[in-house]
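Single-structure report; data block below.
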Amino acid sequence: MNNFWLVKSEPKEYGWEDLLKTRSATWDGVRNFQARNNLACMKKGDLVYFYHSGKNPEIVGIAKVVKEHFQDPTSQDPRWLSVELAADKPLTFPVTLKEIKKDKRLKEMKLVKQSRLSVMPVTEEEFYALLSLSAKKDVKL
DNA sequence: GCCAACGTTGGC
DNA sequence: GCCAACGTTGGC
């Protein structure tokens with residue numbers, strides 16, 4: 001029953017800018033069963049935080065599930081799945097991992113607790129807490 | 001560059 | 001089926 005998610009990507013390999021350019025992307029190459037199970041639960045229209053891992057770890061945008069799971073085209077094994085994601089909107093300001101770790105509302109986030117998972121559910125509370133973190137910086141302008 | 005966390009592999 | 005060794009991810 002999850003409606004919110006978070007996916008990670010190394011911006012050097014495939015970043016938010018690439019998603020904007022190509023409009024949509026097949027989220028392939030996931031080779032972890034837990035992450036795969038999460039892909040399988042995604043429904044069309046679900047919102048997905050797009051996270052950049054690596055040098056400047058932060059959430060940079062919101063994507064949307066445009067096609068539900070199908071076999072990963074990069075694998076012969078039917079157990080591996082992909083979804084199709086499209087850019088929905090950028091965050092006004094990215095939310096850094098540092099800020100996420102500082103926020104007590106986000107203490108239980110899988111991003112913090114299970115740092116290696118690349119596709120994870122986000123609760124509704126977490127989703128809106130993250131949105132407010134991104135929007136709050138607006139006020140300073 | 002290091003290290004923690006965690007997944008996978010292979011010997012027994 | 002256990003566990004040690006090893007590989008990978010990802011933060012710092």
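Only this structure's heavy atoms are used, side chains among them; waters, hydrogens and symmetry mates stay out. All chains are named by letter (A, B, ...) in the order of the sequence lines, taking the proteins before the strands, and each is independently numbered beginning at 1.
- Distance, A:Lys102 NZ to C:dC12 C1': 16 Å, rounded to whole Å.
- Checked against C:dG11, B:dG7, C:dG10, the side chain of A:Leu97 finds its nearest nucleotide in C:dG11.
- Comparing C:dG10, B:dC6, C:dC12 by their closest approach to the side chain of A:Ser53 singles out C:dG10.
- A:Lys12 places its NZ atom 13 Å from the P atom of C:dT9, with the value rounded to the nearest Å.
- The two residues A:Val30 and A:Ala35 come nearest to each other via the heavy atoms CG1-CB, 3.5 Å.
- With rounding to whole Å, A:Asn56 atom CG is found 11 Å from C:dC12 atom P.
- The residue A:Lys55 sits apart from the nucleic acid: no heavy atom pair falls under 4.0 Å.
- When the P atom of B:dC6 is taken as reference, atom CZ of A:Arg31 falls 22 Å away, rounded to whole Å.
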Quiz item: Stepwise, does the ring pair (Phe, Tyr, Trp, His ring centres under 6.0 Å) test hold for A:Phe127 with A:Tyr49?
Solution: CA-CA 8 Å; A:Phe127 184 87; A:Tyr49 276 123; 4.8 Å; yes
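- Distance, A:Lys98 NZ to C:dC12 P: 9 Å, rounded to whole Å.
- Look at A:Arg36 and A:Asp72 and you find no salt bridge, because none of the NZ, NE, NH1 or NH2 atoms lies under 4.0 Å from a carboxylate O.
- What separates CG of A:Leu111 from C1' of C:dG10 is a distance of 11 Å, to the nearest Å.
- Side-chain N/O atoms of A:Lys8 include none lying less than 4.0 angstrom from OP1 or OP2 on C:dT9.
- In this model, the phosphate group of C:dG11 is approached by a side-chain N or O of A:Tyr51 to a distance below 4.0 Å at OP1 or OP2.
- Taking the six-membered ring where tryptophan is involved, the planes of A:Phe50 and A:Tyr14 are tilted, since the angle between them lies from 30° to 60°.
- If you check B:dC6, C:dG10, B:dT8 against the side chain of A:Phe33, the one that comes closest is B:dT8.
- Rounding to whole angstrom units, CD1 of residue A:Ile100 and P of C:dG11 are separated by 10 Å.
- In this structure, A:Lys110 places its NZ atom 16 Å from C1' of B:dA5, rounding to the nearest Å.
- Using a 4.5 Å heavy-atom cutoff, the side chains of A:Tyr51 and A:Val7 are not in contact.
- Ranking C:dG10, C:dG11, B:dG7 by closeness to the A:Asn32 side chain, first place goes to B:dG7.
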